[in-house]
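Notes for the one structure printed next.
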Amino acid sequence: MSTKKLWYGFTAVMVLSFAVLLFYGWEIYRQAPPIPEQVVTTSGEVILTSQEIKDGQNVWQSIGGQELGTVWGHGAYQAPDWTADWLHREAMFMLNYWGKKDFGKLYENLSNEQKAALEARVQKEMRTNTYDEQTGNLVISDLRAQAFAEVGSHYSGLFMDGEEKAHLREAYAIPVNTIKSADRMHLMNGFFFWATWSTVTERPGKEISYTNNWPPEELVGNRPSSSLILWTGFSVIILLAGIGWLAWYYASNKDEDERVEVPAVNPVSGMKLFPSMKATIKYFWVVSLLMLVQIMAGVITAHYGVEGSAFYGIPLDQWLPYSISRTWHVQIGIFWIATSWLATGLFFAPAIAGREPKYQKLGVNVLFFSLLVIVLGSLAGQWMGVMQKLGLVENFWFGHQGYEYVDLGRFWQIFLFAGLFIWLFLMGRALLPALKEKTENRNLLIMFLIASIAIASFYGAGLMWGRQTHLAIAEYWRWWVVHLWVEGFFEVFATVIIAYLFVRMQLIGAKIATTTVLFSTIIFLSGGILGTFHHLYFTGTPTAVLALGATFSALEVVPLVLMGFEGYHNLTLSRSGDWVKAYKWPIYCFIAVAFWNFLGAGIFGFLINPPIALYYMQGLNTTPVHGHTALFGVYGFLGIGLMLFVLRDMNLNKVWKEKTIKMAFWAINIGLLLMVLISVLPVGLAQTWASVKHGLWYARSAEFMQQPFMATLKWLRVIGDTIFAVGVFALVYHIFGLAFGWSYEKSTTED
C-alpha cells in the first residue's frame with residue numbers, strides 16, 4: 001500500500017474516531033445520573049443537599065479516593081467497592097426490617113416464598129426513580145432514610161474509630177481515624193449514597209439503572225441487561241473477523257518486505273554525542289532509582305493484603321497507609337516509564353538531525369529539574385492529603401485528587417503539562433533541520449513529530465474536570481489520559497522510535513519501516529480511540545457507550561494476535577550480524593514487549609473487556625492481572641529497552657558484561673509471569689466465581705477475601721515478587737555499572 005494512501009487512512013481514523021468520542025462525551029454530559037438539589041423523605045425531612053454530595057466526593061478523594069477500595073468498580077482491590085457494599089447493606093436493612101415486621105424473623109430465616117415477596121418489594125423501593133426534574137429533589141421513603149442512617153453509622157465506625165469495626169479496618173487496610181471528623185464522615189456517606197443510588201435506580205423510560213445494572217446484585221434486580229449480552233456476542237464476532245482480515249492482509253503482503261543487507265560494521269559507530277545527548281544520562285539514573293522505589297511501594301502494598309495495618313508487625317499504616325503506598329506504586333510507575341521515553345526522544349532528536357540547537361543542553365537540564373520537582377512535590381502532596389493535613393480545596397490543588405493514575409494535585413498536573421510542552425519544544429527544534437530535508441526518512445520523522453505533539457497535548461485531558469465535577473464526567477476525561485495518553489499515543493511514539501532505530505542501523509529499509517509504522521498505527525488507533533469506552537460501561541453512561549466500547553475494544557485485540565511475528569522479526573534482527581549482538585538486550589526487551597502485548601494486553605485484556613465478563617469482573621483482581629502485564633510488561637519493557645538502547649549508543653567502544661543484564665532480563669520476565677499465574681489470577685478467578693454466585697459485594701468482602709485459601713494465594717505472590725525484585729535490582733546494578741565501570745568487560749573492546 002502506498003504511503004500517501006496510508007496517510008489518508010491515518011487522517012480519516014483520527015478525525016472520525018475523535019468525532020464519535022467527543023459526540024458521546026457530550027451524551028455522557030447530558031445523560032449522567034443527576035445530583036439532586038436535595039434528598040428529602042416523604043415526611044419532608046432533608047437528608048442531604050447537592051453541595052453535601054459534592055463535598056462528600058471531595059472528602060472521598062482526600063483519603064485516596066480510588067486508591068482505597070473502588071466506586072463504580074474503578075480503583076484499588078483491598079477494600080470493597082463502596083457502591084456494591086452500600087447497595088447490599090441498604091437492601092439487607094430493609095429486607096430485615098420487613099421480615100421482622102411482617103413475619104417476625106430476619107430475612108435469612110424466611111422461606112423462599114417469603115424472601116421472594118420481600119425482594120420484589122425492595123426492588124420496587126430501590127429501582128423506582130423518584131427524582132423530580134422540576135424541583136431537582138430526590139424523594140425517598142422514611143424507611144430508606146433509616147437505612148441511610150444505619151449504613152452511614154457502619155461506615156462511620158469503619159472509617160473513624162469504632163472498636164467493633166477494628167477487624168474490618170484490618171481486613172481492608174484502613175487506618176483508624178482515616179476520617180477525622182463526624183462532619184466529613186456525613187459528607188462522604190452522602191456521596192456514597194448518591195453513587196449507590198445511581199447503580200440501582202432506573203433511568204427514566206428504561207429498565208436499566210444509570211450504571212447499566214452494575215454491580216451484580218440479585219436482591220435488587222441488578223442483572224445483566226439484554227443489550228449487554230448482545231454486544232458481548234457482537235464483540236466476539238468482530239474479533240474473529242478482524243483477526244481473519246489481518247491474517248489475510250499479512251499473508252498477501254509478506255513478499256513486499258525489503259531485503260536489507262546488514263552492514264559489516266555498525267553504521268552509527270561514529271555518531272557524535274552532543275552535550276545535550278550526554279546530559280540525558282541523569283534521566284536514566286533517576287528512572288533506575290524510581291524503579292526501586294516503585295518496587296518497595298509495591299511490596300508494602302501487596303503485604304497489606306495479608307497484614308492489613310502492619311508490615312511484619314511494624315504498624316506502618318500510621319505513617320504510610322495503604323492508599324499512599326498504592327498511589328506511589330502506580331504513580332511512580334508512570335513517572336519512570338514516561339521519563340525513560342521522554343529522555344530517549346531527547347537523546348535521539350539531535351542525532352537524527354546531526355546537529356544540536358543552541359542552548360539545547362540547558363533546556364534538557366531545566367526539564368530534568370522540573371520533572372524532579374513534579375515527582376517529589378506531587379508525592380509529598382499526596383501524603384499530606386491522605387493524612388488529612390489539607391483542606392478540601394488545598395487537597396485538590398496540591399494533594400490527592402483521588403482518581404487512579406491521575407492522583408496528583410491540579411497544580412502538579414499543570415506543572416507536568418507545561419513540562420511536556422517544554423519537552424515538545426526541545427524535540428521540535430532539534431528535529432526541524434531533518435524535517436526540512438526531503439529524505440526517505442521524512443515520513444517517519446513526521447510521524448515521530450505527530451506522536452510527540454500528541455504526548456504533550458493529550459495529557460491536557462486531565463485538566464478537563466474541576467474540583468466538584470460530576471463523577472461520570474471526570475471518569476470520561478480520566479480515561480482519555482489513561483487510555484489515550486498512556487496506552488495510546490505513547491505506544492505510537494514507541495513504535496515510531498523503534499522503527500527509526502532499526503532504520504538508522506540499516507537493519508530495515510526506510511520505506512518498509514514507514515509503511516509498517518503507518519499501517520500499525522492505523523490498525524491500533526482504529527480500535528484504540530473508541531476502545532476507550534470499554535472503561536466506561538458502568539460509570540453512569542448511556543447504552544450506546546457500551547455498544548461502541550464492546551465493538552472497538554475487540555478491535556484493539558486484533559493486531560496483538562500477530563505479536564509473534566514481531567517478536568520473531570526482532571529476534572532475527574538480534575542475530576543478523578556480529579556488531580548487532582551489542583544491542584542484544586535492548587532488542588530482547590522489544591521481544592518481551594511483543595510477548596507481553598500478546599499475553600498481557602491481548603489475552604488478559606480480552607479476558608475482562610467483553611461486557612458480560614466485565615460485568616462480573618470489574619473491580620476484581622482480574623483487572624491487575626491485565627494491569628501489571630500490560631503496564632509493566634508492555635510499557636515498562638519498552639521503557640527499559642529504549643533506555644538500554646540509549647546507554648548502548650552512549651559508549652559503543654566497550655563490551656557489556658552479560659551475566660547481570662541477562663539475569664535481570666529473565667528474572668523480571670519470570671517473576672512477573674509467576675506473580676500473575678500463581679497468585680493474582682487465581683485470586684481474581686475465585687472472586688469472579690463469588691461475584692457470579694453471590695454478587696460483587698461478596699467477592700470483595702472480608703468474609704470471602706480473608707478465608708485461609710485466599711490468604712495462601714496472596715502469600716504465593718511472594719515467589720514471583722521476589723524473583724521480579726531480584727531482576728530489577730540486577731538491572732539497576734547494571735545501569736549504574738555503566739557509569740562507574742563495573743558493567744564493562746575490562747580487556748575487550750568492540751570494533
Can you say whether the rings of [X] and [Y] are parallel (under 30°), tilted (30 to 60°) or perpendicular (over 60°)?
X: Phe502; Y: Phe590; answer: perpendicular
X: Tyr459; Y: Phe417; answer: tilted
X: Phe740; Y: Phe736; answer: parallel

Identify whether the distance between the nearest side-chain nitrogen and carboxylate oxygen of Glu745 and Lys657 falls below 4.0 Å. no
Is there any side-chain hydrogen bond (donor to acceptor under 3.5 Å, both in side chains) pair reaching into residues 367-381, and which pairs are they, with sequence neighbours excluded? none
I'd like a table of donor-acceptor pairs (distance under 3.5 Å, sequence neighbours excluded) in which one partner is a side-chain atom from residues 341-351, with atom names and distances.
from, atom 1, to, atom 2, distance (Å)
Thr344, OG1, Ser340, O, 2.8

Side chain to side chain, Phe724 and Ile295, heavy atoms closer than 4.5 Å: yes
Can you pull out every ring-ring contact (aromatic ring centres under 6.0 Å, His included) where at least one residue sits in residues 355-383? Sequence neighbours excluded, please. Tyr283-Phe368
Just checking, any donor-acceptor pair under 3.5 angstrom between side chains of [X] and [Y]?
X: Trp336; Y: Gln294; answer: yes
X: Thr301; Y: Ser325; answer: yes
X: Glu356; Y: Ser276; answer: yes

Checking Lys581 against Tyr583: charged group under 6.0 Å from the ring centre and within 45 degrees of the axis? no
Can you tell me which residue among Gln331, Gln78, Glu67 is in a side-chain hydrogen bond (donor to acceptor under 3.5 Å, both in side chains) with Arg326? Glu67
Counting only heavy atoms from other residues, nucleotides and ligands, does the tally under 6.0 Å from NZ of Lys282 exceed 12? yes
For the NZ atom on Lys662, are there more than 12 heavy atoms of other groups (residues, nucleotides or ligands in this structure) within a distance under 6.0 Å? no
Quick one: does any side-chain atom of Trp596 pair with a main-chain N or O of Ile591 as donor and acceptor, under 3.5 Å? no
For Tyr500 together with Phe448, are the ring centres under 6.0 Å from each other? no
